[in-house]
S.K.: 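Here's a structure for you.
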Amino acid sequence: MTTTENSAAVFVPQTLIQSQRMLLHLFRNPMSLVQSIVYPASMLVILDIVLGRQVSAFAGHDSLHGTVPMTALLSAMLGAVAGAVTLGREWDAGILARFWVLPIHRASGLATRVTSEGVRILSTTMLITGLGLLLGFRFSGSLFSALAFVAVPLMFGIAFATAVIAASFTLGKTLLVESVSLLCSLAMFFNPGFVPLAAYPTWLQPLVENQPMSCAIEAMTALSLGEPAGASLLKAAAWSSIIFAVAVVPALRGLRRATVPR
Amino acid sequence: MTAPVRSSTTQWWVLTARTLRGAARGGEAITAIIAPIVFTVSFYVPLQKVISMFGNGVDNFGQFLMPLIVLQAIAFTAISVAFLAATDAVDGINRRFASMPIARLVPLGSRVASGMAKCVVSLTFALGCGYVIGFRFAGSITDTAMFIGFVAIIAVTLILGADVIGTASRNPEATTQSLILPQLVLGMLSSGFAPLEQFPTWVQPFVRNQPVSQFTTALRDLADGTATSASVTPALLWLLTLLVICIPLSLLLNARRS
């Protein structure tokens with residue numbers, strides 16, 4: 001008996017093969033590796049060396065409770081940018097068009113993106129958290145909060161990656177990288193993980209407190225300190241759902257269009 | 001009949017104007033303006049309170065941070081020069097120039113000149129940002145002139161170095177990516193960012209002696225009007241070392257016919 005290209009029997013193995021291909025691309029490409037892991041990891045170490053003492057004194061707890069979540073999220077975000085650049089290149093090279101004419105399950109392309117982004121975000125979060133542990137980061141929450149701690153960047157990162165894919169089809173490669181990188185670096189300096197909220201000017205605090213990255217950081221910080229995190233988790237989930245909901249249709253439309261050679 | 005050969009000066013000016021027109025039209029001009037602004041806002045606004053409350057020895061963070069803002073602005077410009085040099089190298093423009101009646105160092109001269117022009121724009125905006133956050137030139141006119149002169153020497157050095165890296169790598173994106181990390185490490189692990197005593201003891205020898213720290217020390221003292229030969233000499237020695245490495249490499253890369 002032969003299985004047709006859209007049968008459920010081929011969906012899982014095909015998704016796995018393509019995910020493996022995407023992850024190999026990511027981890028074997030020195031540039032995307034530098035951008036998505038080396039850069040945020042260096043940032044974590046440098047911030048701990050340069051500002052760790054002062055910020056810990058200001059915050060009243062170890063500054064790593066802020067910088068570990070911040071750099072983990074930064075890693076998820078910059079990795080999404082690297083992924084969108086690769087996507088643009090594959091569109092140019094016609095690989096996406098070739099996949100489209102092969103007997104591959106129609107939904108596996110999308111499932112592949114979600115799976116490989118998920119694996120990428122989970123592994124970089126683990127790496128950054130591990131590095132934090134070496135620097136003296138201590139997790140005070142329960143096992144459940146540890147799971148939630150890892151789930152936040154996963155949720156936020158996938159929403160962000162969807163937005164970046166949507167943006168890459170409207171902005172073009174160069175403008176995308178520059179504008180999103182600028183946005184990421186601004187988000188990195190204006191959140192309560194970099195320095196506590198009280199350090200920002202009063203008029204700026206509402207913005208710093210409620211921007212999407214801040215809500216995710218707040219939730220992770222609360223989880224790692226073993227404090228109640230319900231409200232901030234809810235805010236982070238709300239932001240992620242909004243970003244995802246706005247971006248998902250243009251992203252899907254763009255991915256479909258990318259199956260035609262440029 | 002052969003076409004008339006223009007003088008090297010005219011050729012240099014034509015090539016420089018070509019790059020500058022491209023920069024004005026594309027995003028590079030905006031980068032030269034935005035980079036110092038983003039850097040100032042990102043570091044001054046969040047850290048002002050933290051450093052002044054818990055950092056000892058810094059009573060005016062704006063005055064303290066200013067040299068680093070200037071250096072980062074120049075470093076960003078140098079990275080864009082490296083990007084341009086790599087693009088020219090990989091697109092074959094250099095090879096085409098080499099086949100034309102152009103003096104060998106004219107393309108290099110035009111890249112350095114257009115880089116310097118971008119530095120002037122970036123430096124202007126960096127100084128403007130500095131004035132907003134409370135930076136003032138406290139020394140004599142001579143000190144201020146020496147500050148500008150010093151920045152110019154640093155700019156030429158970094159541009160030459162960036163040009164060598166870009167021309168040799170022939171890969172615009174990888175060059176940009178690989179230069180951002182050293183810029184970050186040298187910028188943040190420097191006494192331009194926080195006073196030396198605030199760093200952990202084990203990293204202090206590196207922080208104290210690395211070029212960015214020495215450059216900011218010299219620039220800060222020139223801006224304050226307290227510069228002595230002791231505060232400026234290490235920076236000059238670093239610049240001399242870098243130039244001794246860059247100039248021969250640059251001549252080697254640019255003078256040979258590919």
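Note that this is a predicted model, so its numbers are computed, not measured. First the proteins, then the strands, lettered A, B, ... as listed; each starts at 1.
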S.K.: Side-chain contact, heavy-atom cut-off 4.5 Å: B:Leu181 with A:Tyr39?
M.R.: yes

S.K.: Given a strict heavy-atom distance threshold of 4.5 Å, which part of A:Phe190 is in contact with chain B: side chain, backbone, both, or neither?
M.R.: side chain

S.K.: Let's test your reading of the structure: which of B:Val203, B:Leu47, B:Ile180, B:Val38 forms the most heavy-atom pairs below 4.5 Å with chain A?
M.R.: B:Leu47

S.K.: Quick test of your reading of the model: are B:Glu197 and A:Arg53 salt-bridged, counting only N-O distances below 4.0 Å?
M.R.: no

S.K.: Between A:His65 and A:Ser224, do the side chains contain a donor N or O and an acceptor N or O under 3.5 Å apart?
M.R.: yes

S.K.: Is there a donor in the side chain of B:Ser169 and an acceptor in the side chain of B:Thr175, or the other way round, less than 3.5 Å apart?
M.R.: yes

S.K.: Less than 4.5 Å to any heavy atom of chain A: does that hold for the side chain of B:Val185, its backbone, both, or neither?
M.R.: both

S.K.: Contact part of B:Ala174 toward chain A, heavy-atom cut-off under 4.5 Å: side chain, backbone, both or neither?
M.R.: both

S.K.: Tell me, for A:Val50 versus chain B, whether the close heavy atoms (under 4.5 Å) come from the side chain, the backbone, both or neither.
M.R.: both

S.K.: Specify which of A:Val55, A:Val34, A:Val38, A:Leu51 makes the most heavy-atom pairs with chain B at under 4.5 Å.
M.R.: A:Leu51

S.K.: Quick one: are A:Leu33 and A:Leu26 in side-chain contact, heavy atoms under 4.5 Å?
M.R.: no

S.K.: Contact part of A:Ala198 toward chain B, heavy-atom cut-off under 4.5 Å: side chain, backbone, both or neither?
M.R.: backbone

S.K.: Any luck finding a side-chain donor-acceptor pair between A:Asn191 and A:Glu218 under 3.5 Å?
M.R.: no

S.K.: Taking A:Ser42, A:Gly52, A:Ala57 one by one, which has the highest count of heavy-atom pairs under 4.5 Å against chain B?
M.R.: A:Ala57

S.K.: Given a strict heavy-atom distance threshold of 4.5 Å, which part of B:Val45 is in contact with chain A: side chain, backbone, both, or neither?
M.R.: both

S.K.: Can you tell me which of B:Ser42, B:Ser178, B:Pro200 forms the most heavy-atom pairs within a distance under 4.5 Å of chain A?
M.R.: B:Ser42

S.K.: Taking everything shown except A:Phe194 itself, do over 12 heavy atoms lie less than 6.0 Å from its CZ?
M.R.: yes

